[in-house]
There are 2 protein chains.
Amino acid sequence: MDRIDRKLLNLLQHDASRTNANLADEVGLSPSSCLRRIRRLRQAGVIDRIAAILNPAKAGRTLRAVVTVELRLHGEPNTRQFLDSAVREDAVAQAHAVTGDVDAVLMLRLRDMEEYDALCHRLFQDRTNVARYWTMMVIRTAKDETAIPL
Amino acid sequence: MDRIDRKLLNLLQHDASRTNANLADEVGLSPSSCLRRIRRLRQAGVIDRIAAILNPAKAGRTLRAVVTVELRLHGEPNTRQFLDSAVREDAVAQAHAVTGDVDAVLMLRLRDMEEYDALCHRLFQDRTNVARYWTMMVIRTAKDETAIPL
DNA sequence: CGCCTCCGTGCATTTTTATTGCATACTGGA
DNA sequence: TCCAGTATGCAATAAAAATGCACGGAGGCG
């Protein structure tokens, strides 16, 4: 994992559709060497996958929200059970168990408030283990980065 | 944006390294038609980009945190100013202005607590506009999805 | 200090994949 | 029903990726 690998990863994190020859040129390697490095990085699992990133607006999921959740019963098995139910929801983009005043944080991607309403019923109400939850609707996203700085 | 487009997008969101012929076969189209659809989706901006998704553990950023921030001076220009400073930080993966008790939410990707400490000094202390902030360290991530369900 | 091995590199070639031209089939509107 | 616009499949071409092979530098060891 030298300087060239890092440079390659940075380029690929922002645009993985570039040709190998193009990348090779930019990092100062021959195409074959460059390709072999990329393949090595994939096999080592440093590169988890190559994915298409959609424009949320054009995919019809413009509404985002951050929800913090306090459970009635805390501790490992309860937290796990709650997260399992959250993971199954399409609108839940991220689900984390966290330290602090609450037990979990969810990041939602919603079509509209109707979907939000329905989701709240399923995850937070009636016979769920949720004591309270706080919803922060996203007004504006200033940064949303999939790349990990190296 | 018909059923085939959605199917293509779902496949590409999870693995954009597949060959066109392979995709075409799976959605039941000829390679050329399939390719033209994908190109159309890219030009229309539905597909924002193709990106390599790294394994955070192997990229050396295993620590994650969610930070909620309350500003001293609220309102648009102040929030914007704070978010601008957050955006510049490598460790800040996401930065959102939100509704609710706080003004902003940050998602962090950190190397270690030392980096967290340094970041807090720069963003939250001294002459910043931050009144209070609450850090929720991520214990476990149950879901972390880049794909947008269609 | 020299030798040896291993790993990464570059070049040339082969194989695979993407792209394009063209004729045909389909779809929605008058 | 006809027409215009658009998508489709096939075949040919262009481009890119993958591979075999020989060379060269870094590090270990006598």
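Small disclaimer: the values here were computed from a predicted structure and weren't measured. Here is how names work: the chains are called A, B, and so on, in the same order as the sequence lines, proteins then strands, and each is numbered from 1.
The closest donor-acceptor contact from the side chain of A:N20 to the backbone of A:P31 lies under 3.5 Å.
Surrounding CD of B:Q125 are more than 12 heavy atoms belonging to other residues, nucleotides or ligands, all under 6.0 Å away.
Across the protein-nucleic acid pair, A:R3 atom CZ and C:dG8 atom P stand 17 Å apart, rounded to whole Å. Atom CG of A:L35 is separated from atom P of C:dT9 by 12 Å (rounded to the nearest Å). In this structure, A:D25 atom CG and D:dA15 atom C1' are separated by 16 Å, rounded to whole Å.
A:L8 contributes atom CG, which lies 7.0 Å from atom CG of A:L41 (distance to the nearest 0.5 angstrom). Interatomic distance, A:L12 CG to A:I47 CD1, rounded to the nearest 0.5 Å: 5.0 Å. The CG atom of B:L83 sits 11.0 Å away from atom CZ of B:R88, with the distance rounded to the nearest 0.5 Å. To the nearest 0.5 Å, atoms CD (B:E26) and CG (B:L11) are separated by 5.0 Å. In this structure, CD1 on B:I4 lies 5.0 Å from CG on B:L29, to the nearest 0.5 angstrom. To the nearest 0.5 Å, atoms CD (A:E145) and CD (B:Q94) are separated by 10.0 Å.
A salt bridge (Lys or Arg N to Asp or Glu O under 4.0 Å) with B:D2 holds for exactly one of B:R40, B:K7, B:R37; it is B:R37.
Taking five base pairs at each end of the helix from C:dC1-D:dG30 to C:dA30-D:dT1, the local helix axes there meet at an angle of 40°, rounded to 10°.
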Solution key, residues 97-110 of chain B side-chain donor-acceptor pairs under 3.5 Å, sequence neighbours excluded:
| residue | atom | partner | partner atom | Å |
| --- | --- | --- | --- | --- |
| B:T99 | OG1 | A:M137 | N | 3.0 |
| B:D103 | OD1 | B:H74 | ND1 | 3.0 |
| B:D103 | OD2 | B:L71 | N | 2.8 |
| B:D103 | OD2 | B:H74 | ND1 | 3.1 |

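At a non-hydrogen distance threshold of 4.0 Å, B:T19, B:N20, B:A21 from residues 16-24 of chain B come into contact with DNA chain C. Within residues 41-54 of chain A, no residue approaches DNA chain C, by heavy-atom distance under 4.0 Å.
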Polar pairs (N or O, both sides) under 3.5 Å between protein and nucleotides 4-10 of chain D?
| residue | atom | partner | partner atom | Å |
| --- | --- | --- | --- | --- |
| D:dT8 | OP1 | B:R37 | NE | 3.2 |
| D:dT8 | OP1 | B:R37 | NH2 | 2.6 |
| D:dT8 | OP2 | B:R37 | NE | 3.4 |
| D:dG9 | OP2 | B:S30 | N | 2.7 |
| D:dG9 | OP2 | B:S30 | OG | 3.0 |
| D:dG9 | OP2 | B:S33 | OG | 3.2 |
| D:dG9 | N7 | B:S32 | OG | 3.2 |
| D:dG9 | O6 | B:R36 | NH2 | 2.9 |
| D:dC10 | N4 | B:S32 | OG | 3.0 |

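When the salt bridge (Lys or Arg N to Asp or Glu O under 4.0 Å) test is applied to B:D84, no partner is found at least two apart in sequence or on another chain.
Taken together through direct or relayed side-chain contacts under 4.5 Å among Ile, Leu, Val, Met, Phe, Trp and Tyr, B:L35 and B:V27 form parts of separate hydrophobic clusters.
Remark: the A:S17 side chain and the B:R42 side chain contain an N/O donor-acceptor pair separated by less than 3.5 Å.
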